[in-house]
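In this chain, numbering begins with 1 at the start of the sequence shown. Because only heavy atoms are used, hydrogens play no part in the values below, and waters and symmetry mates are left out as well, while side chains stay in.
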Amino acid sequence: MIASDHHGEPLNRNAVPFCSAKVPGFSKQWAHSAPMVYEELLIRDMEQRDAKIISDEETAQGWQQTIEKYEMRLQHQAEGKCIALVAEYLGNPAGYVHVYPSPDVGAFANQGCPEIVDFGVLVKYRRKGIGSKLMDVAEQIASAYSDVVSLGVGLHCGYGNAQRMYVMRGYIPDGTGVWYGDKICEPNAMCRNDDDLILYLSKKLR
(Lines give C-alpha, C1' and ligand atoms only; values in the text may rest on other atoms or scores of the structure.)
Protein backbone atom coordinates (compact mmCIF):
# COMPACT_ATOMS: atom_id res chain seq x y z
CA MET A 1 0.00 0.00 0.00
CA ILE A 2 2.22 2.78 -1.29
CA ALA A 3 1.32 6.17 -2.61
CA SER A 4 3.52 7.46 -5.36
CA ASP A 5 6.39 9.72 -4.31
CA HIS A 6 6.65 11.34 -7.72
CA HIS A 7 6.21 14.97 -8.59
CA GLY A 8 6.11 16.89 -11.87
CA GLU A 9 6.24 20.28 -13.54
CA PRO A 10 3.83 23.02 -12.33
CA LEU A 11 0.59 23.25 -14.24
CA ASN A 12 -2.17 25.84 -14.23
CA ARG A 13 -5.37 23.87 -13.65
CA ASN A 14 -8.50 25.98 -13.33
CA ALA A 15 -10.59 22.92 -12.48
CA VAL A 16 -8.78 22.26 -9.20
CA PRO A 17 -10.30 23.83 -6.06
CA PHE A 18 -8.24 26.68 -4.64
CA CYS A 19 -6.29 25.61 -1.56
CA SER A 20 -5.64 28.40 0.91
CA ALA A 21 -2.57 28.03 3.13
CA LYS A 22 -3.38 28.66 6.80
CA VAL A 23 -0.67 27.80 9.28
CA PRO A 24 2.92 28.57 8.23
CA GLY A 25 5.42 26.71 10.39
CA PHE A 26 3.02 23.94 11.30
CA SER A 27 5.72 21.37 10.62
CA LYS A 28 7.77 22.82 13.46
CA GLN A 29 4.76 22.67 15.76
CA TRP A 30 4.22 19.02 14.84
CA ALA A 31 7.89 18.15 15.35
CA HIS A 32 7.64 19.21 18.99
CA SER A 33 4.32 17.55 19.74
CA ALA A 34 3.84 14.30 21.58
CA PRO A 35 3.48 11.07 19.58
CA MET A 36 -0.05 9.81 19.00
CA VAL A 37 -0.90 6.51 20.67
CA TYR A 38 -3.70 4.21 19.46
CA GLU A 39 -3.73 1.01 21.53
CA GLU A 40 -0.89 -1.09 19.99
CA LEU A 41 0.01 1.64 17.49
CA LEU A 42 2.27 4.66 17.99
CA ILE A 43 2.56 7.41 15.37
CA ARG A 44 5.61 9.64 15.79
CA ASP A 45 8.15 11.69 13.88
CA MET A 46 10.47 9.68 11.66
CA GLU A 47 13.94 9.20 13.18
CA GLN A 48 17.31 8.43 11.62
CA ARG A 49 17.23 4.80 12.74
CA ASP A 50 13.95 4.24 10.88
CA ALA A 51 15.57 4.78 7.48
CA LYS A 52 17.67 1.62 7.62
CA ILE A 53 15.00 -0.50 9.31
CA ILE A 54 12.33 0.37 6.77
CA SER A 55 14.58 0.12 3.71
CA ASP A 56 15.93 -3.26 4.88
CA GLU A 57 12.41 -4.57 5.51
CA GLU A 58 11.20 -3.42 2.10
CA THR A 59 14.20 -5.01 0.39
CA ALA A 60 13.49 -8.27 2.25
CA GLN A 61 9.90 -8.29 0.99
CA GLY A 62 11.09 -7.96 -2.60
CA TRP A 63 10.85 -4.22 -3.23
CA GLN A 64 13.58 -2.29 -4.99
CA GLN A 65 14.39 0.12 -2.22
CA THR A 66 17.35 2.15 -0.95
CA ILE A 67 18.00 3.97 2.30
CA GLU A 68 18.68 7.21 0.41
CA LYS A 69 14.98 7.89 -0.13
CA TYR A 70 14.28 7.95 3.60
CA GLU A 71 17.41 9.93 4.34
CA MET A 72 16.12 12.51 1.86
CA ARG A 73 12.76 12.65 3.68
CA LEU A 74 14.59 13.11 6.99
CA GLN A 75 16.59 15.94 5.47
CA HIS A 76 13.41 17.58 4.18
CA GLN A 77 11.92 17.24 7.66
CA ALA A 78 14.97 18.89 9.21
CA GLU A 79 14.65 21.73 6.70
CA GLY A 80 10.95 22.20 7.51
CA LYS A 81 9.80 21.09 4.05
CA CYS A 82 7.76 18.11 5.19
CA ILE A 83 6.35 16.25 8.16
CA ALA A 84 7.76 12.71 8.12
CA LEU A 85 5.86 10.19 10.25
CA VAL A 86 6.37 6.56 11.22
CA ALA A 87 3.82 4.14 12.65
CA GLU A 88 5.20 1.74 15.25
CA TYR A 89 3.28 -1.49 15.81
CA LEU A 90 4.25 -3.23 19.05
CA GLY A 91 7.49 -1.25 19.03
CA ASN A 92 8.46 -2.00 15.42
CA PRO A 93 8.39 0.50 12.53
CA ALA A 94 5.50 -0.74 10.40
CA GLY A 95 4.55 2.13 8.10
CA TYR A 96 5.26 5.70 7.13
CA VAL A 97 3.80 8.77 5.46
CA HIS A 98 5.05 12.25 4.56
CA VAL A 99 3.11 15.49 4.24
CA TYR A 100 4.50 18.35 2.16
CA PRO A 101 2.51 21.45 3.18
CA SER A 102 3.58 23.46 0.12
CA PRO A 103 4.82 21.28 -2.75
CA ASP A 104 6.72 23.17 -5.42
CA VAL A 105 6.48 20.52 -8.12
CA GLY A 106 3.73 18.21 -9.38
CA ALA A 107 0.12 18.63 -10.35
CA PHE A 108 -0.64 20.73 -7.25
CA ALA A 109 2.53 22.79 -7.25
CA ASN A 110 2.41 26.34 -5.93
CA GLN A 111 -1.32 26.21 -5.14
CA GLY A 112 -1.09 26.14 -1.36
CA CYS A 113 -2.41 22.58 -1.37
CA PRO A 114 -0.60 20.03 0.84
CA GLU A 115 0.48 16.75 -0.71
CA ILE A 116 0.67 13.34 0.94
CA VAL A 117 3.79 11.67 -0.41
CA ASP A 118 5.39 8.24 -0.17
CA PHE A 119 2.87 6.44 2.04
CA GLY A 120 3.39 2.76 2.78
CA VAL A 121 2.84 -0.10 5.20
CA LEU A 122 5.16 -3.09 5.35
CA VAL A 123 3.47 -6.22 4.03
CA LYS A 124 3.65 -8.19 7.27
CA TYR A 125 1.83 -5.41 9.16
CA ARG A 126 -1.07 -4.92 6.77
CA ARG A 127 -4.75 -5.53 7.60
CA LYS A 128 -4.30 -4.08 11.08
CA GLY A 129 -5.68 -0.61 10.36
CA ILE A 130 -2.21 0.96 10.31
CA GLY A 131 -2.58 2.51 6.86
CA SER A 132 -5.93 4.03 7.67
CA LYS A 133 -4.63 5.56 10.89
CA LEU A 134 -1.57 6.99 9.14
CA MET A 135 -3.84 8.57 6.54
CA ASP A 136 -6.09 9.96 9.28
CA VAL A 137 -3.11 11.71 10.87
CA ALA A 138 -1.72 12.91 7.52
CA GLU A 139 -5.08 14.42 6.59
CA GLN A 140 -5.36 16.03 10.02
CA ILE A 141 -1.98 17.69 9.48
CA ALA A 142 -2.93 18.77 5.95
CA SER A 143 -6.17 20.31 7.22
CA ALA A 144 -4.17 22.86 9.19
CA TYR A 145 -2.99 24.29 5.88
CA SER A 146 -5.88 23.85 3.50
CA ASP A 147 -9.39 22.60 2.87
CA VAL A 148 -8.03 20.24 0.19
CA VAL A 149 -5.27 17.61 0.27
CA SER A 150 -3.60 15.95 -2.72
CA LEU A 151 -1.55 12.87 -3.54
CA GLY A 152 -0.28 10.84 -6.48
CA VAL A 153 -0.78 7.10 -6.86
CA GLY A 154 0.85 4.58 -9.17
CA LEU A 155 -1.31 2.80 -11.72
CA HIS A 156 0.15 -0.71 -11.89
CA CYS A 157 -1.21 -3.61 -9.84
CA GLY A 158 1.30 -3.07 -7.04
CA TYR A 159 -0.66 0.03 -6.10
CA GLY A 160 -4.05 -1.69 -6.24
CA ASN A 161 -4.70 -1.62 -2.50
CA ALA A 162 -3.75 2.04 -2.29
CA GLN A 163 -5.97 2.94 -5.24
CA ARG A 164 -8.97 1.30 -3.59
CA MET A 165 -8.21 2.89 -0.24
CA TYR A 166 -8.02 6.40 -1.69
CA VAL A 167 -11.32 6.02 -3.52
CA MET A 168 -13.01 4.79 -0.36
CA ARG A 169 -11.56 7.76 1.54
CA GLY A 170 -13.11 10.19 -0.95
CA TYR A 171 -10.19 11.05 -3.23
CA ILE A 172 -11.01 11.86 -6.85
CA PRO A 173 -8.80 12.41 -9.95
CA ASP A 174 -7.63 15.98 -10.34
CA GLY A 175 -8.45 16.14 -14.05
CA THR A 176 -4.94 16.40 -15.50
CA GLY A 177 -4.86 12.78 -16.65
CA VAL A 178 -1.95 10.39 -16.31
CA TRP A 179 1.55 11.64 -15.51
CA TYR A 180 4.81 9.93 -16.45
CA GLY A 181 8.35 10.95 -15.59
CA ASP A 182 7.17 14.09 -13.80
CA LYS A 183 5.23 15.32 -16.82
CA ILE A 184 1.71 14.89 -18.15
CA CYS A 185 1.48 11.88 -20.45
CA GLU A 186 -0.06 13.42 -23.56
CA PRO A 187 -2.70 11.56 -25.62
CA ASN A 188 -1.20 8.74 -27.72
CA ALA A 189 2.19 9.12 -26.00
CA MET A 190 4.21 5.99 -25.29
CA CYS A 191 4.89 5.23 -21.62
CA ARG A 192 5.95 2.35 -19.40
CA ASN A 193 3.66 0.99 -16.68
CA ASP A 194 6.16 1.37 -13.85
CA ASP A 195 6.34 3.48 -10.68
CA ASP A 196 6.63 6.68 -12.74
CA LEU A 197 3.14 6.26 -14.25
CA ILE A 198 0.82 7.98 -11.78
CA LEU A 199 -2.52 9.70 -11.34
CA TYR A 200 -2.98 12.72 -9.08
CA LEU A 201 -5.99 12.78 -6.75
CA SER A 202 -7.45 15.29 -4.33
CA LYS A 203 -9.92 15.32 -1.46
CA LYS A 204 -11.96 18.03 0.20
CA LEU A 205 -11.29 17.85 3.93
CA ARG A 206 -14.29 19.98 4.94
Side-chain angles (χ1 to χ4, degrees), residues 1-6 30 33-67 69-74 77 82-100 114-143 148-174 178 193-206:
M1 181 162 47
I2 311 173
S4 172
D5 59 350
H6 301 83
W30 170 262
S33 23
M36 297 185 177
V37 181
Y38 305 93
E39 296 181 355
E40 298 174 323
L41 187 66
L42 171 73
I43 297 180
R44 56 166 174 78
D45 290 326
M46 180 175 282
E47 301 171 356
Q48 188 64 45
R49 64 186 177 89
D50 298 318
K52 178 172 174 50
I53 294 172
I54 293 171
S55 60
D56 285 351
E57 288 281 1
E58 290 183 332
T59 299
Q61 65 188 27
W63 294 358
Q64 295 182 347
Q65 193 55 269
T66 64
I67 193 173
K69 181 178 77 169
Y70 300 106
E71 290 177 336
M72 178 188 70
R73 303 295 183 206
L74 286 164
Q77 178 172 253
C82 82
I83 299 94
L85 304 176
V86 161
E88 278 190 13
Y89 181 75
L90 297 177
N92 300 305
Y96 50 86
V97 70
H98 309 83
V99 181
Y100 282 74
E115 183 177 353
I116 295 174
V117 175
D118 195 17
F119 157 62
V121 175
L122 297 173
V123 172
K124 64 184 179 181
Y125 295 114
R126 292 182 181 178
R127 300 188 181 279
K128 300 180 184 299
I130 296 172
S132 293
K133 191 58 67 177
L134 274 169
M135 286 296 294
D136 287 345
V137 174
E139 290 175 0
Q140 177 186 346
I141 291 171
S143 71
V148 178
V149 64
S150 65
L151 55 81
V153 64
L155 295 181
H156 64 67
C157 62
Y159 294 94
N161 288 338
Q163 294 164 7
R164 290 170 56 85
M165 179 184 190
Y166 298 146
V167 170
M168 289 188 288
R169 292 186 69 94
Y171 286 84
I172 61 173
D174 75 311
V178 177
N193 189 16
D194 57 18
D195 290 346
D196 288 327
L197 188 67
I198 66 173
L199 186 69
Y200 279 97
L201 312 173
S202 66
K203 173 184 177 178
K204 283 184 174 290
L205 296 174
R206 51 183 172 273

Looking only at heavy atoms, what is the nearest atom pair of [X] and [Y], with distance?
X: Ile130; Y: Ala94; result: CD1-CB, 3.9 Å
X: Leu122; Y: Pro93; result: CD1-O, 3.5 Å
X: Tyr159; Y: Gly154; result: CB-O, 3.3 Å

Is the shortest heavy-atom distance from the side chain of [X] to the side chain of [Y] under 4.5 Å?
X: Val86; Y: Ile54; answer: yes
X: Phe119; Y: Leu151; answer: no
X: Arg126; Y: Asn161; answer: yes

Could you give me the CA-CA distance, side-chain angles and deciding distance for Leu205 and Gln140, then say whether side chain to side chain contact (heavy atoms under 4.5 Å, CB included) is met? CA-CA 9 Å; Leu205 296 174; Gln140 177 186 346; over 6 Å; no
Apply side-chain hydrogen bond (donor to acceptor under 3.5 Å, both in side chains) to Asp56 and list each qualifying residue two or more places apart in sequence or on a separate chain. Lys52
With sequence neighbours left out, write down each residue that passes side-chain hydrogen bond (donor to acceptor under 3.5 Å, both in side chains) with Arg169, or none if nothing qualifies. Asp136, Glu139
Side-chain ([X]) to main-chain ([Y]) donor-acceptor, under 3.5 angstrom:
X: Arg206; Y: Ser143; result: yes
X: Ser150; Y: Pro114; result: yes
X: His98; Y: Val117; result: yes
X: Gln77; Y: Met46; result: yes

Once side-chain contact (heavy atoms from CB on, under 4.5 Å) is applied, do any residues pair with Glu47, and if so which ones, sequence neighbours excluded? Arg44, Arg49, Asp50
Straight-line distance of [X] [atom1] to [Y] [atom2], nearest 0.5 Å:
X: Leu155; Y: Ile198; atom1: CG; atom2: CD1; result: 8.0 Å
X: Ile43; Y: Tyr96; atom1: CD1; atom2: OH; result: 14.5 Å
X: Arg73; Y: Leu85; atom1: CZ; atom2: CG; result: 12.5 Å
X: Ile172; Y: Leu201; atom1: CD1; atom2: CG; result: 8.5 Å
X: Cys157; Y: Asn193; atom1: SG; atom2: CG; result: 8.0 Å
X: Leu134; Y: Leu41; atom1: CG; atom2: CG; result: 7.0 Å

If you apply the rule side chain to side chain contact (heavy atoms under 4.5 Å, CB included), what do you find for Tyr125 with Asn92, and how did you get there? CA-CA 10 Å; Tyr125 295 114; Asn92 300 305; 3.3 Å; yes
Is there a donor-acceptor contact under 3.5 Å linking the side chains of Glu58 and Tyr70? yes
For a side chain to side chain contact (heavy atoms under 4.5 Å, CB included) check, start with the C-alpha distance between Leu90 and Lys128, then their side-chain angles and the critical distance, and finish with the verdict. CA-CA 12 Å; Leu90 297 177; Lys128 300 180 184 299; over 6 Å; no
Only one of Leu199, Val153, Val178 passes side chain to side chain contact (heavy atoms under 4.5 Å, CB included) with Pro173, and that residue is Leu199
Evaluate the side chain to side chain contact (heavy atoms under 4.5 Å, CB included) criterion for residues Tyr200 and Glu115: first the C-alpha distance (whole Å), next the side-chain angles of each, then the deciding distance (0.1 Å), finally the verdict. CA-CA 10 Å; Tyr200 279 97; Glu115 183 177 353; 3.6 Å; yes
